[in-house]
Amino acid sequence: MPSVYIKTYGCQMNERDSEAVAAQLVAKGYTLAGSEATADVILLNTCSVRDFAEQKALRKMENVAAEIRRHRPNTVLGFMGCMAQSRGGELIDRLPDVDLVVGTQKFHRTAEYLDDIMSGRRDKVVEVAEEAGSEAAIREHLLAGNSRKSVTAFVSIMQGCNQHCTFCIVPHTRGQERSRAIADITAECRELVSTGVKEITLLGQIVTSYGRRGFSRAGGTLGDKSPFVQLLEAVHEVEGLERIRFTSPHPKGYGDDLVEAYGRLPKLCESAHLPVQSGSDRVLKLMHRGYTRSRYLGIIEQLRRVHPRMGISTDIIVGFPGETEADFERTLSLAREVEFDQAYIFKYSQRRDTPAAGMPDQISREIREERNQRLLEVINGIAKRKYAAFAGSQVQILVEGPSKKNPARLMGRTRCNKIVLFEGSDRHRGQIMDVKITRAGSFTLYGDPAILNLDNLVEEERHETIRAVDKMR
Ligand code: 5AD
């Protein structure tokens, strides 16, 4: 059977989609190639949020195509995801070596399309039409055949976005909001937990809008609680699941019911990714965000009242059309006021068919770059201070596995979503354990397992530790 290599650009939803496509192909007998150099099928799962992300994938495909044309002309090349959706057949006009273009509502048919191409039934395949029910069509995970069992998993709960922020291409690439049924989602969570998963991140382009349309059909009731909070409660019931996260929410979706859920549902981690985009009311309005600076600050205050150390991250766009120096300074002051634990800064990028692309007063590249640097300095300064303050404290982490950068170290996350590295071994994988923070790096904490805390140790380890403690007496 052929081997496949999938390279993923962009958000966690793309990672999840790639994983599901890989799982689907493995189920059909494909093997996973370790790199593109040996693969019979090379798929790039693309991102369209900024031009930079599109250019990166296009350049990559150009290089891959040049290489296979010379040495392995039978290799199948394909684009999937957001750029595939927004550019469709245009991609093959530009790169004629590409055989396959799979849109965002067609992922679950990838195996079928590859079969058509490899059997010679179709020469080129471009499939980007909408497909009713596609949000529920992908649920395969790669975990079952994985000898190194995953501790964390993503579960897609909804697709699409109806918010129509003026800068954003996502409504074009992911379509209208469509939500999966609660029972489907909890069944998938239960299955994952039975394979050893301890933490689940619920995914969607705007998760707080979960079930806003046709929710009674999705098995929910229309009460005071939003469908999203009802879903959180249902997932919280899954036995054996230790932690719940979600991304990305919209600040608008942070009603009292969701704020209150953080205090009430112990599995829900004290962490929130709250994309603010700008600190200026004028710009927020131009962006069509649907909240003001003061409403945003109010949500942060409410969340911190529930959990004073709540981890808060954000996305910010600098250089949105018409953003003046005074507007930008409002963003700087908001960053200082909130003291984000982490912020992803994006230089505004004109996206086709979005209202902002046609707005007057587009900001020059130099000014966007300069604002990016100034904001980065503020964000990094705050984070440095906040991370350094953890030194000497004890935190609880869920150990996910070896660190990507240095496999000799293990990596875990605190409930507030801070990455902790420590010297440990594979037997720690999947454990919830206390570590003592010894020092802080850039957006990373370094820890030592706190051996005197016996609560969270597995049984055999507990005996060893007790003996060690005895000897010390
Ligand atoms: N230009 C720059 N950044 C963008 N984002 C979305 N669209 C654009 C754009 N046109 C950013 C937003 C969003 C994140 C995922 O990407 O900050 O929250």
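Counting starts at 1 for both ligands and their atoms, in listed order. For clarity, every value in this text was computed on a predicted model and none was experimentally measured.
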Between Glu90 and Arg352, is the closest basic N to carboxylate O distance under 4.0 Å?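 Result for this pair is yes, salt bridge flagged.
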So, are Glu19 and Arg16 salt-bridged, with charged N and O less than 4.0 Å apart?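 Yes, Glu19 and Arg16 are salt-bridged.
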Sequence neighbours left out, what passes salt bridge (charged side-chain N to carboxylate O under 4.0 Å, His left out) with Glu15? Give chain and number order.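 Residues passing salt bridge (charged side-chain N to carboxylate O under 4.0 Å, His left out) with Glu15: none at all.
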Residues lining ligand 1 [heavy-atom distance under 4.0 Å, listed by chain and residue number]: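 Ligand 1 is contacted, at a heavy-atom distance under 4.0 Å, by Val49, Arg50, Phe167, Gln277, Asp315, Ile317, Phe346, Lys347, Tyr348, Ser349, Arg351.
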Which pairs, with at least one residue in residues 276-290 and sequence neighbours excluded, count as a salt bridge (Lys or Arg N to Asp or Glu O under 4.0 Å)?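 For residues 276-290, and leaving out neighbouring residues, the salt bridge (Lys or Arg N to Asp or Glu O under 4.0 Å) pairs sorted by first residue read Arg282-Asp327.
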Verify the ring-centre separation between Tyr210 and Phe246: is it less than 6.0 angstrom?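 No - the distance between ring centres of Phe246 and Tyr210 does not fall below the 6.0 Å cut-off.
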Residue list, side-chain hydrogen bond (donor to acceptor under 3.5 Å, both in side chains) with Asp257, at least two apart or on another chain: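 Asp257 satisfies side-chain hydrogen bond (donor to acceptor under 3.5 Å, both in side chains) with Ser226 only.
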